[in-house]
Amino acid sequence: MTAKISVSGVGKTFPIRGGGEFTALRDTTLDIAAGEFLVVAGPSGCGKSTLLDLLGGLTRPTTGRLLLDGDEITGPALDRGIVFQQYALFPWRTALRNIEFGLEAKGLPRRERSAVARSHLDLVGLTGFGDRYPHELSGGMKQRVAIARSLAYDPDVLLMDEPFAALDAQTRDSLQDELLRIWRRTGKTIVFITHSIDEAVYLGERVAVMTSRPGRIKEIVEIDLGPRDEIEDLRSSAGFAAHRHRVWTLLRDEVQAAQRLDAPRPDVPRPREEARLD
Ligand code: ADP
Ligand code: MG
C-alpha cells in the first residue's frame, strides 16, 4: 500500500538573526494512510506547527521530502485544507461568504457556491447562522466556520493545528465529537496537532508523539478504542486511561527534556514550575 502522505527524513532549520541557524525539526519520518485520523502530539516548541506548515506547503523542508499521493509537496493547494488555532476568518465576510472563499478560488459559479457553502454550514451544525459576521459568533462557532470553509472545497486532506486549544472545555469536547462525525461521514485524511493528551487519545487512530526540540517522531501509539460514541463516557473508561497513560509517559520525558533545554544559568534563580502536559 502506498501512503497518502509520506514524510521522510524531513528537517527544517531557520536562520538566526545575526548568524547561525536554529533546528526546529530533524529527521522526521512518518507515513499517513488515506482516510486515517492521525494525531501529532508533542511539547510546546517541539516543531509541531513547523511540520504542519510543511505539510500545507507553506514552507519548504531543509532536508528530506514530503509526498502527497506520491508527488512532492511544493506549495499550498486545494487538495489540502488547513485549520489554525486562531480562527483566521475574514472579518468583513459573513459566515456563508467565508465558507464560499475556497469555492471562488475553484471557479464555481455563484449559485453553486452558495449551495455548497450552505450544505457545509449544515454539516458543522450552524444552520441559520450564515448571515452572521465573525464578531457575532462565539469562539466555537468561528472554529466551526473555519472547518466548514476548509471542507467546502473538498480537499482530500485536512490539516489542523491545535484548532480547539483556545476554546473552553465543554465546547472543545463537543467539537471533538463533531469532528469525528464529519471525519466518518467524509472519509477525509486528517492530521491533527495538539499538545493535549486527552484530545490526542480521544481523536486519534494513531498518536505520533514527538520529541522535544528539535522535534522528530519518538513513537507512534495505536489507539484501539473503536468508534468513540459506542461507549458512554469513554474518557472515564479503563481503556482510555491505559492509552492516556502510555502517551503521558512518553510526553512527560520530553517535557522534562525541554525544560532542561530551557533551563537558565544556575546562578539565576527561577520560580518552580509544574510540568505542564495538558
Ligand atoms: P510547536 O508548534 O510545537 O509549539 P513550532 O513548530 O511553532 O513549535 O516551533 C518550533 C521551534 O521553531 C520553536 O522554537 C520556534 O521558536 C521555532 N520557529 C518556528 N518558526 C520559526 C521561524 N520562522 N523562524 C525562526 N524560528 C522559528
Ligand atoms: Mg504550534
Side-chain angles (χ1 to χ4, degrees), residues 5 7 9-30 32 38-64 66 73-76 80-88 139 142-143 146-147 150 157-167 172 175-176 179 190-201 203-204 206-221 247-248 250-264 273-278:
I5 297 172
V7 178
V10 164
K12 178 72 181 174
T13 61
F14 294 107
I16 297 174
R17 259 197 313 275
E21 54 187 25
F22 176 88
T23 305
L25 214 57
R26 84 183 134 98
D27 198 22
T28 295
T29 295
L30 176 69
I32 303 165
L38 179 94
V39 173
V40 179
S44 177
C46 74
K48 301 184 294 299
S49 295
T50 302
L51 177 61
L52 201 90
D53 289 351
L54 288 165
L55 289 169
L58 306 177
T59 51
R60 300 298 312 277
T62 313
T63 60
L66 299 106
I73 293 172
T74 54
R80 280 151 288 146
I82 308 186
V83 181
F84 298 101
Q85 177 176 338
Q86 288 306 329
Y87 316 114
K142 280 189 264 210
Q143 223 37 338
I147 292 168
S150 297
V157 176
L158 198 55
L159 304 170
M160 309 185 84
D161 192 355
E162 308 211 33
F164 306 149
L167 305 175
R172 187 165 59 232
L175 272 180
Q176 287 169 357
L179 182 63
I190 298 186
V191 182
F192 186 105
I193 290 198
T194 184
H195 67 274
S196 158
I197 299 165
D198 277 346
E199 183 164 75
V201 172
L203 291 177
R206 293 191 301 156
V207 176
V209 177
M210 289 181 71
T211 65
S212 58
R213 199 180 74 216
R216 62 188 164 74
I217 305 299
K218 175 177 181 159
E219 191 168 318
I220 296 181
V221 180
V247 176
W248 181 84
L250 291 166
L251 272 173
R252 179 196 52 195
D253 297 344
E254 296 310 316
V255 169
Q256 285 170 353
Q259 283 175 340
R260 278 196 295 278
L261 271 177
D262 288 338
E273 243 177 57
E274 294 299 313
R276 278 202 49 223
L277 293 174
D278 200 344

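Just so it is clear, the values below take in all heavy atoms, side chains as well, and ignore hydrogens, waters and symmetry mates. This is a predicted model, so every value here is computed, not measured. Start at 1 and go down the list; that is how both ligands and their atoms are numbered.
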Heteroatom N/O/S of Q85 within less than 2.8 Å of the Mg ion (ligand 2):
no
Less than 4.0 Å from some atom of ligand 1, heavy atoms are found in residues F14, F22, A24, P43, S44, G45, C46, G47, K48, S49, T50, R213
Nearest 0.5 angstrom please: M160 CE to S150 OG, how far?
7.0 Å
Is the side chain of Q143 donor-acceptor paired with the backbone N or O of P163 at a distance under 3.5 Å, no angle test?
yes
Of V201, V209, I197, the one forming a side-chain contact (heavy atoms from CB on, under 4.5 Å) with W248 is I197
In short, side-chain hydrogen bond (donor to acceptor under 3.5 Å, both in side chains) pairs touching residues 45-59 with sequence neighbours left out are S49-D161
Apply side-chain contact (heavy atoms from CB on, under 4.5 Å) to the pair T28 and K12, showing each step before the final yes or no.
CA-CA 9 Å; T28 295; K12 178 72 181 174; over 6 Å; no
What is the distance from atom CZ of R172 to atom CD of E199, rounded to the nearest 0.5 Å?
6.5 Å
